[in-house]
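Here's the structure, in structure tokens; my notes come after.
When reading the values below, keep in mind they use all heavy atoms of this one structure, side chains included, and skip hydrogens, waters and symmetry mates.
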Amino acid sequence: MKKSVHPAAVSLLAVAKEAGVSRATASLVLRDSPLVAEPTRERVRAAMARLGYIYNRGAANLRQNRTGTIGLVLSNIANPFFSSLTAGVDEANDASGAICFIANSAESPEKQSRQIRRLREHNVDGLIICPAIGSDHTLIDELRLLALPYVQVLREIPGSEGDVVSVDYGLGIEQAVAYLVAMNRRNIVFVGAMETHSAAQARVEGFRRAIRHFGLAEMPLVEAMGGNGYNESALDALFDSGPRPDAAICYNDLIALTLFHHLGRRALKIGTDFAVVGMDDLPQAKAAYPSLTTIGTMPREIGSTAANLLSARLKRPDLPRERVVMAPRLILRDSA
């Protein structure tokens, strides 16, 4: 009876003999070298499958002083937006061969610091991070101290040196206001204002710019109230006094969908009596009733772009800093 061989015990030399090639050729196949003809490549891969060969990536990374792992620190892992962003990171990692450890800061700078240090203890090569609310230059100093290359996504600490991938939130808000004005909406309110990080500031500044541009009355901002809620009593106060709002642009889709219920309680027909615009274009936006007009921010593309930037940075630390700002897209549906 033939003795079985544990996959970890199968050597590259054994694979080469099985495929009838040299060990050097088998090694080139592992590295996806274009120097190997396709029939030979297929023969070597078939031999690997037959023998159960497992590539010792850890040893290879050790030779390169790399672990092949990256950290992804998200500010709110429960938000479905970050599921799409993570899918984009995974897509790019699959192509580059990297593995991702995911951590949640829960919008806490203190927890964020702990998570970053734990990831560093696991020797991640670099970091993709959406800074928690309240983060400041202490975060950047810590990343520098830990010698961690990083890419910030969505939010950006002013004066930081690392790469950034974000969205032109202000432009998206301006597009939404222009559309609402064209639909004869004059009393537009912004729901979910949080001026404590760059992405929120860009939204609010874009909204105020557009309101001034079109000569509209400036209505009070309806502040966010933790999670994906907002100050309902403040919105009620606007409805119960003049001028009464006839449209809302929301910080994100989740707040917009919560607003649907508020408007229903006031017997307002969405899309007719009152227009609602969200931001992000989550799957729930299209599935809602009525379907939600929203500002698409392409989270999947943000994730894949950030992962590719980090991969390039790890290969070439001397590359110039990159700041990628994606253009949003207004997606028209039934709510506005």
Side-chain angles (χ1 to χ4, degrees), residues 32 57 66-107 111-112 115-116 118-119 122 124-133 148-156 162-169 172 197-199 203 227-228 250-257 278-288 291-315 322-331 333:
D32 289 324
R57 188 172 297 277
R66 295 265 296 276
T67 64
T69 61
I70 66 168
L72 174 61
V73 183
L74 302 174
S75 58
N76 179 7
I77 206 167
N79 188 327
F81 176 93
F82 287 112
S83 298
S84 295
L85 187 147
T86 301
V89 171
D90 179 69
E91 188 178 87
N93 285 347
D94 187 45
S96 69
I99 293 293
C100 185
F101 294 140
I102 303 173
N104 182 33
S105 73
E107 297 289 16
K111 183 177 181 181
Q112 176 176 261
Q115 298 288 44
I116 289 171
R118 287 166 182 162
L119 289 167
H122 285 279
V124 294
D125 297 323
L127 208 65
I128 298 171
I129 183 167
C130 176
I133 292 174
L148 266 176
Y150 63 92
V151 178
Q152 294 176 88
V153 289
L154 309 176
R155 304 171 183 173
E156 178 181 3
D163 300 317
V164 177
V165 182
S166 189
V167 180
D168 193 337
Y169 295 108
H197 58 74
S198 62
R203 286 167 162 90
N228 294 297
C250 298
Y251 179 88
N252 59 27
D253 288 345
L254 296 178
I255 286 178
L257 296 176
M279 178 174 274
D280 289 336
D281 192 31
L282 299 178
Q284 295 93 321
K286 189 175 182 179
S291 58
L292 177 63
T293 292
T294 187
I295 302 160
T297 54
M298 297 129 339
R300 195 180 189 105
E301 288 84 347
I302 290 171
S304 61
T305 301
N308 286 329
L309 266 184
L310 183 58
S311 178
R313 175 68 53 199
L314 293 172
K315 291 173 185 172
E322 285 203 47
R323 188 171 186 274
V324 180
V325 181
M326 297 187 175
R329 182 169 60 96
L330 184 63
I331 300 166
R333 297 195 180 106

If you take all heavy atoms of L119 and G71, which pair is closest and at what distance?
CD1-CA, 4.0 Å
Any sub-3.5 Å donor-acceptor pair from D90's side-chain atoms to T86's backbone N or O?
no
Picking from V164, I133, I129, what satisfies side-chain contact (heavy atoms from CB on, under 4.5 Å) with R155?
I133
Show me, pair by pair, the donor-acceptor contacts under 3.5 angstrom made by side chains of residues 77-85, not counting sequence neighbours?
residue, atom, partner, partner atom, Å
N79, OD1, F81, N, 2.9

With a 4.5 Å heavy-atom cut-off, do L310 and P149 have their side chains touching?
yes
Strictly distance-based, threshold 3.5 Å: is any side-chain N or O of N93 a donor or acceptor partner for the main-chain N or O of I99?
no
Which pair of heavy atoms, one from G278 and one from A256, lies closest together, and at what distance?
CA-CB, 3.9 Å
With Y150 via side-chain hydrogen bond (donor to acceptor under 3.5 Å, both in side chains) - residues at least two apart
none
Contact between Y169 and L154 at the side-chain level, heavy atoms closer than 4.5 Å - yes or no?
yes
Find out whether D163 and R313 are in side-chain contact, i.e. whether some heavy atom of one side chain is under 4.5 Å from a heavy atom of the other.
yes
Validation row: P131, Q152 side chains within 4.5 angstrom (heavy atoms):
yes
What closest approach, in Å, do R203 and Y251 show between heavy atoms, and which atom pair accounts for it?
NE-O, 3.1 Å
Pick out which of L292, I255, T294 makes a side-chain contact (heavy atoms from CB on, under 4.5 Å) with C250.
I255
Minimal heavy-atom distance between A285 and D253, with the atoms involved, is CB-OD2, 3.7 Å
Is there a donor-acceptor contact under 3.5 Å from the side chain of S198 to the main chain of E156?
yes
side-chain hydrogen bond (donor to acceptor under 3.5 Å, both in side chains) against R118, all qualifying residues, sequence neighbours excluded:
Q115
